[in-house]
Amino acid sequence: MRKITVSICCIISSLASIICQAHSGFDLHKADFYDVLGFEENAKVTAWMRQISSKMIDGYKGVELPEYGGLDFYNYLKAEFPGFKCKHRLLFHWGYNSTPWNDELQAKADGLPWGRNPSEVKRFRQIIANEQQRRNREANAMTEKLFGFASGGKDAAFANAMISIVYDVHIIGDYTPDNKDFDGVQDLGSAVGDLINAIRKLDESQGRELVKSLQRVSREQISVQQKAEKLLAVLCREMPSFLQKAQGGSLKRRFEKQGIRFR
């Protein structure tokens with residue numbers, strides 16, 4: 001029944017006529033992740049998805065940490081930089097492999113007194129970059145454990161790619177038609193570019209057709225919301241097969257050894 005439901009959703013999406021729902025919570029992002037990856041639902045996989053989607057990206061406040069004087073990241077920023085506050089998408093919606101900054105944060109800094117002090121702006125940016133690195137390390141360690149990847153060499157590239165896929169699918173999901181406020185969200189083209197890089201890290205040759213499909217949609221002269229829908233439809237249709245064939249099927253075998261099975 002689950003396979004039938006997913007197939008119907010993909011067909012409807014590919015016709016650009018899906019009924020839109022807000023990607024304001026984890027459950028809808030999770031549905032996208034499972035449809036794109038093609039995995040059977042699994043508690044450990046869901047916990048990994050939640051770490052990336054809810055804690056890394058949407059959890060802009062973060063957790064209380066000693067290095068922040070017992071404050072969470074967001075409240076530490078507000079304490080250190082008077083007058084600063086922002087919507088959640090201005091933080092951590094810049095892509096897993098992207099520079100942790102955006103025009104909206106620059107505008108926030110420009111509008112506050114300390115923003116006229118280059119050294120304070122540099123410190124502000126460094127604190128954000130350090131928090132991004134901390135979150136990346138947590139996600140990377142969890143990914144290596146989940147999929148059985150080593151910490152170096154080709155396995156490190158595979159781990160980066162798997163995180164990037166989920167991260168970028170979250171960003172694409174934030175562009176679907178129900179969403180109207182895109183402040184702080186990474187440019188859709190950049191998210192697709194990072195996704196293509198992830199596919200090539202996993203298997204450039206096997207991923208060639210999937211890359212072409214994504215590039216074709218990216219070039220279409222349609223609204224960004226329609227483009228996000230069509231990109232998700234392509235990923236839903238083609239990514240699961242790619243992952244099962246990548247590296248001559250060895251990635252699939254490694255996933256299955258860790259208890260992660262495809263539908």
Side-chain angles (χ1 to χ4, degrees), residues 23-26 29 48-144 151 156 159-175 179 181-195 197-198 224:
H23 281 64
S24 56
F26 173 66
H29 282 298
W48 170 70
M49 292 172 174
R50 190 182 297 276
Q51 177 71 28
I52 297 169
S53 183
S54 297
K55 297 182 180 179
M56 257 184 106
I57 304 175
D58 281 341
Y60 73 118
K61 289 187 176 180
V63 296
E64 296 175 353
L65 293 172
E67 54 262 48
Y68 296 144
L71 297 173
D72 60 48
F73 167 71
Y74 180 62
N75 280 302
Y76 177 74
L77 273 185
K78 291 199 297 181
E80 288 289 303
F81 301 96
F84 174 75
K85 61 181 180 178
C86 70
K87 296 177 289 188
H88 90 274
R89 284 179 177 164
L90 265 65
L91 293 168
F92 308 107
H93 283 69
W94 36 61
Y96 183 62
N97 297 294
S98 300
T99 300
W101 194 248
N102 52 48
D103 291 343
E104 290 81 4
L105 281 175
Q106 184 67 58
K108 288 280 184 181
D110 290 343
L112 295 167
W114 54 264
R116 294 190 288 272
N117 183 339
S119 64
E120 278 297 273
V121 174
K122 182 178 180 180
R123 187 168 75 93
F124 180 68
R125 294 189 64 161
Q126 189 59 56
I127 289 172
I128 292 173
N130 290 345
E131 174 66 11
Q132 176 74 14
Q133 290 169 9
R134 187 192 69 79
R135 293 181 184 212
N136 284 6
R137 285 193 298 271
E138 285 188 351
N140 191 67
M142 194 172 187
T143 303
E144 290 173 354
S151 296
N160 180 283
M162 294 303 295
I163 298 170
S164 296
I165 290 170
V166 172
Y167 210 115
D168 295 328
V169 168
H170 179 113
I171 298 297
I172 294 170
D174 280 345
Y175 273 106
N179 295 315
D181 182 2
F182 305 127
D183 286 354
V185 183
Q186 184 185 38
D187 173 74
L188 185 61
S190 296
V192 174
D194 188 62
L195 190 56
N197 288 338
V224 69

Least distance between heavy atoms, Ile171 atom then Ala191 atom: CG2-CB, 3.9 Å

State, with a plain yes or no, whether a side-chain heavy atom of Lys87 is found less than 4.5 Å away from one of Tyr60. no

Supply the atom-to-atom distance Asp168 CG to Ile163 CD1, rounded to the nearest 0.5 angstrom. 11.5 Å

Could you grab the distance from atom NE2 of His170 to atom NE2 of His93, nearest 0.5 Å is fine? 4.0 Å

Please answer whether the main-chain N or O of His88 pairs with a side-chain N or O of Asp58 as donor and acceptor at a distance below 3.5 Å. no

Specify whether Phe84 and Tyr74 have parallel, tilted or perpendicular ring planes, treating 30° as the upper limit for parallel and 60° as the lower limit for perpendicular. perpendicular

Any residue meeting ring-ring contact (aromatic ring centres under 6.0 Å, His included) with Trp101, in chain and number order, not counting sequence neighbours: Phe124

On a heavy-atom basis, the closest approach of Asp72 and Gly62 is CB-O, 3.6 Å

Between Asn140 and Asn160, is there a side-chain heavy-atom distance shorter than 4.5 Å? no

So which heavy atom on Gln132 is nearest to which on Gly95, and how close? NE2-O, 4.2 Å

Distance check, rounded to the nearest 0.5 Å: Ile57 atom CD1 versus Tyr96 atom OH? 11.0 Å

Heavy-atom pair of closest approach, residues Ile52 and Ala139: CG1-CB, 4.5 Å

Lys108 side chain to Lys85 main-chain N or O, any donor-acceptor pair under 3.5 Å? yes

With side chains defined as the heavy atoms from C-beta onward, is the minimum distance between Leu195 and Ile165 less than 4.5 Å? yes

Quick one: are Leu91 and Lys61 in side-chain contact, heavy atoms under 4.5 Å? no

Of the non-hydrogen atoms in Asn117 and Ser119, which two are nearest, and what is the gap between them? OD1-OG, 2.7 Å

So how far is it from Asn75 CG to Glu64 CD, rounded to the nearest 0.5 Å? 8.5 Å

Heavy-atom side-chain contact between Cys86 and Glu104 under 4.5 Å: no

With Glu131 via side chain to side chain donor-acceptor pair (under 3.5 Å) - residues at least two apart: Tyr68, Arg134, Arg135

How long is the straight-line distance from CD1 of Ile128 back to OG1 of Thr99, given to the nearest 0.5 Å? 12.0 Å

I'd like to know if Arg123 pairs up with Glu80 as an ion pair, taking the criterion as any Lys NZ or Arg NE/NH1/NH2 lying under 4.0 Å from an Asp or Glu carboxylate oxygen. yes

Side-chain heavy atoms of Asp183 within contact of Arg89, under 4.5 Å: no

Quick one: does Ser53's side chain have a donor or acceptor within less than 3.5 Å of a partner on Met49's backbone? no

For Ser151 and Ala156, work out which heavy atoms get closest and say how close. O-CB, 3.8 Å

Drop me the distance from Met142's CE to Met56's CE, to the nearest 0.5 angstrom. 11.5 Å

Side chain of Ser98, backbone of Trp94: donor and acceptor closer than 3.5 Å? yes

Taking ring-ring contact (aromatic ring centres under 6.0 Å, His included) as the definition, give me every residue that meets it alongside Tyr175, ordered by chain and number, with sequence neighbours left out. Phe182

Is there a side-chain contact between Tyr76 and Ile127, using heavy atoms and a 4.5 Å cut-off? yes

